[in-house]
Enquirer: 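Got a structure here, written out as structure tokens. Questions coming.
In this text, all values refer to a predicted model and were calculated from it rather than measured experimentally.
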Amino acid sequence: MIFIIKPSLFTTVNLYYKTIEIMTLYQKTLEDFQKGYLGFATLAIIGQSCLGGAAAMYILQKGTSFFQMFQLALVVIACSFVNGAILSQQKPKLVFNLIWTSVFISCFAIILNQFILS
């Protein structure tokens with residue numbers, strides 16, 4: 001079978017397909033998390049606490065102004081919510097979503113303070 005590829009200056013992106021692909025990845029990851037909840041929760045506590053600590057370090061390197069303290073409060077609250085949800089045995093889906101929220105907040109704080117506010 002021979003395929004003929006026509007070069008084109010413009011390509012179309014089907015965003016609906018990408019949305020389905022991302023949601024499928026989310027569902028598969030959530031299912032794996034639910035199956036091994038005890039192990040993943042343990043790793044999540046360690047991982048997000050370390051990432052939150054790194055974010056706090058980068059935030060405090062820039063000083064102690066109101067903006068830095070606000071960022072620090074967001075990171076600490078996000079990490080505390082994850083730890084509290086795991087320790088109070090909340091539903092795995094809630095814990096999973098809180099973990100990702102904490103990771104995004106911590107990574108955003110690191111990127112903001114290391115690269116943008118240099």
Side-chain angles (χ1 to χ4, degrees):
M1 186 181 292
I2 299 174
F3 294 102
I4 299 174
I5 300 173
K6 294 181 181 179
S8 172
L9 293 176
F10 302 102
T11 58
T12 59
V13 176
N14 187 353
L15 295 178
Y16 180 73
Y17 174 73
K18 294 293 182 187
T19 303
I20 290 174
E21 190 175 296
I22 291 171
M23 289 307 292
T24 304
L25 176 66
Y26 173 81
Q27 289 297 330
K28 287 180 182 177
T29 310
L30 178 60
E31 287 172 8
D32 289 342
F33 182 79
Q34 289 173 336
K35 287 178 187 174
Y37 178 72
L38 188 61
F40 284 123
T42 305
L43 290 174
I45 288 175
I46 296 168
Q48 64 88 27
S49 294
C50 290
L51 187 62
M57 179 189 70
Y58 283 113
I59 291 168
L60 291 173
Q61 281 181 345
K62 298 297 177 189
T64 56
S65 69
F66 177 77
F67 183 61
Q68 275 79 26
M69 291 298 109
F70 180 74
Q71 290 178 59
L72 185 62
L74 284 178
V75 169
V76 169
I77 288 170
C79 292
S80 296
F81 277 173
V82 173
N83 291 339
I86 292 171
L87 292 174
S88 64
Q89 300 177 355
Q90 298 297 318
K91 294 181 181 178
K93 185 173 183 177
L94 175 67
V95 173
F96 184 75
N97 290 333
L98 285 173
I99 290 169
W100 280 111
T101 303
S102 173
V103 167
F104 286 134
I105 290 172
S106 296
C107 287
F108 179 73
I110 290 171
I111 291 169
L112 181 69
N113 286 285
Q114 185 62 24
F115 301 111
I116 298 174
L117 297 178
S118 295

Enquirer: OG/Ser80 to CG/Leu87 distance, rounded to the nearest 0.5 angstrom?
Expert: 10.5 Å

Enquirer: With a 4.5 Å cut-off on side-chain heavy-atom distances among I, L, V, M, F, W and Y, is there a chain of contacts connecting Phe104 to Val95?
Expert: yes

Enquirer: Would you say that more than 12 heavy atoms from the other residues, nucleotides or ligands in this model lie under 6.0 Å from the CD of Gln89, or not?
Expert: no

Enquirer: Does OH in Tyr58 sit with more than 12 non-hydrogen atoms of other residues, nucleotides or ligands closer than 6.0 Å?
Expert: no

Enquirer: Kindly check if the number of other-residue, nucleotide or ligand heavy atoms within 6.0 Å of CG (Leu38) is above 12?
Expert: no

Enquirer: Would you compute the distance between atom CZ of Phe40 and atom OG1 of Thr42 and round it to the nearest 0.5 angstrom?
Expert: 10.5 Å

Enquirer: Which atom names give the shortest non-hydrogen contact between Ser106 and Leu51, and what distance separates them?
Expert: CB-CG, 3.7 Å

Enquirer: Say whether Leu74 and Phe108 are linked into one hydrophobic cluster, either directly or through other cluster members, by side-chain heavy-atom distances under 4.5 angstrom.
Expert: no

Enquirer: For the atom pair NZ (Lys93) and CD (Glu31), what is the distance rounded to the nearest 0.5 Å?
Expert: 11.0 Å

Enquirer: Which atom pair, heavy atoms only, marks the closest approach of Ala56 to Leu72?
Expert: CB-CD1, 3.5 Å

Enquirer: Do Leu60 and Met69 have side-chain heavy atoms sitting under 4.5 Å apart?
Expert: yes

Enquirer: For Gln71, which residues count as a side-chain hydrogen bond (donor to acceptor under 3.5 Å, both in side chains) partner, sequence neighbours excluded?
Expert: Asn113

Enquirer: Taking only residues two or more places apart in sequence, or in another chain, which ones meet Thr64 in a side-chain hydrogen bond (donor to acceptor under 3.5 Å, both in side chains)?
Expert: none

Enquirer: In Å and rounded to the nearest 0.5 Å, what is the CZ to CD1 distance from Phe67 to Ile59?
Expert: 9.0 Å

Enquirer: If you take the centroid of each ring, where Trp contributes its six-membered ring, are Phe33 and Tyr37 closer together than 6.0 Å?
Expert: yes

Enquirer: For residues Pro92 and Gln34, report the shortest heavy-atom separation together with the two atoms involved.
Expert: CB-CG, 3.7 Å

Enquirer: Should Val82 and Ile45 count as side-chain neighbours, where that means a heavy-atom distance under 4.5 Å?
Expert: no

Enquirer: For Ser88, what residues pass the side chain to side chain contact (heavy atoms under 4.5 Å, CB included) criterion, not counting sequence neighbours?
Expert: Gln90

Enquirer: Ser102 and Cys79: which non-hydrogen atoms are nearest, and at how many Å?
Expert: OG-SG, 3.7 Å

Enquirer: In Å, rounded to the nearest 0.5 Å, how long is the span from CD of Gln48 to CG of Leu43?
Expert: 11.5 Å

Enquirer: Nearest 0.5 angstrom please: Ile105 CD1 to Leu98 CG, how far?
Expert: 9.5 Å

Enquirer: Identify the two heavy atoms, one from Ile99 and one from Ala44, that lie closest to each other, and give their separation to 0.1 Å.
Expert: CD1-CB, 3.3 Å

Enquirer: Do Phe96 and Asp32 come close enough that some side-chain heavy atom pair is under 4.5 Å?
Expert: no

Enquirer: Would Val75 end up clustered with Val103 when hydrophobic side chains under 4.5 Å apart are linked, directly or stepwise?
Expert: no

